[in-house]
A.B. asks: 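The structure that follows is given in the form of structure tokens.
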Amino acid sequence: MTMQGMTTRMAVRMAGRDDGEGDDLTGIKVETRPRTKRPPLYKVLILNDDYTPMEFVVHVLERFFGLSHAQAFEIMLTVHKKGLAVVGVFSYEIAETKVAQVMDFAQRHQHPLQCTMERE
Ligand code: TYC
């Protein structure tokens with residue numbers, strides 16, 4: 001092996017190959033590039049139906065999504081006219097909790113209001 005070849009190999013080994021991997025000279029790969037994927041987000045949707053009172057939906061949106069009365073009324077009307085609307089975007093756990101809270105609250109009041117989540 002030539003000296004030039006040796007020098008190049010050592011340089012490559014010590015500096016890595018610019019592929020995000022290092023080498024600690026033991027031959028064991030060392031992660032140098034942080035691989036941080038952001039967790040997926042989930043849309044929480046409210047669906048229209050013919051029976052749930054408008055005021056009940058407005059109350060649900062204020063209570064569980066922290067919306068003002070005006071914002072809640074606007075979203076309720078969108079659902080009423082278009083069939084559904086996104087009421088918020090959350091992590092999986094938060095979205096799941098909101099859906100469960102709304103479904104439980106609607107059921108306890110004997111309204112058929114539906115709330116679901118969908119990956120963004
Ligand atoms: N369509 C219902 C009515 O006329 C009102 C309503 C709005 C129901 C939004 C559900 O998610 C909903 N009483």
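In listed order, ligands and their atoms are each counted from 1. As the structure is a computational prediction, the values presented were derived from the model and not from experiment.
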A.B. asks: Is there a donor-acceptor pair under 3.5 Å between the side chain of T78 and the backbone N or O of E74?
C.D. replies: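 Yes, because the side chain of T78 sits within donor-acceptor range (under 3.5 Å) of the backbone of E74.
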A.B. asks: What residues, two or more places apart in sequence or in another chain, satisfy salt bridge (charged side-chain N to carboxylate O under 4.0 Å, His left out) together with D104?
C.D. replies: R108
A.B. asks: Output all residues satisfying side chain to side chain contact (heavy atoms under 4.5 Å, CB included) with L47, sequence neighbours left out; order by chain, then residue number.
C.D. replies: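 Only L45, L84, Q114, T116 meet the side chain to side chain contact (heavy atoms under 4.5 Å, CB included) criterion with L47.
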A.B. asks: Determine whether a donor-acceptor pair (N or O, by modelled atom type, separation under 3.5 Å) exists between the side chain of T52 and the backbone of L113.
C.D. replies: yes
A.B. asks: Could you tell me whether E120 and K43 make a salt bridge, using a distance below 4.0 angstrom between a side-chain N and a carboxylate O?
C.D. replies: no
A.B. asks: Pairs of donor and acceptor atoms involving the side chains of residues 86-101, under 3.5 Å and at least two apart or interchain, shall be tabulated with distances.
C.D. replies:
{"residue": "S91", "atom": "OG", "partner": "I94", "partner atom": "N", "Å": "3.4"}
{"residue": "T97", "atom": "OG1", "partner": "E93", "partner atom": "O", "Å": "2.9"}
{"residue": "K98", "atom": "NZ", "partner": "F64", "partner atom": "O", "Å": "3.0"}

A.B. asks: Which pairs of N or O atoms, one from ligand 1 and one from the protein, are separated by less than 3.5 Å, and what is the distance for each pair?
C.D. replies:
{"residue": "ligand 1", "atom": "1 (N)", "partner": "N48", "partner atom": "OD1", "Å": "2.8"}
{"residue": "ligand 1", "atom": "1 (N)", "partner": "D49", "partner atom": "O", "Å": "2.7"}
{"residue": "ligand 1", "atom": "1 (N)", "partner": "H80", "partner atom": "ND1", "Å": "2.9"}
{"residue": "ligand 1", "atom": "4 (O)", "partner": "H80", "partner atom": "ND1", "Å": "3.4"}
{"residue": "ligand 1", "atom": "11 (O)", "partner": "L47", "partner atom": "O", "Å": "2.8"}
{"residue": "ligand 1", "atom": "13 (N)", "partner": "T52", "partner atom": "O", "Å": "2.9"}

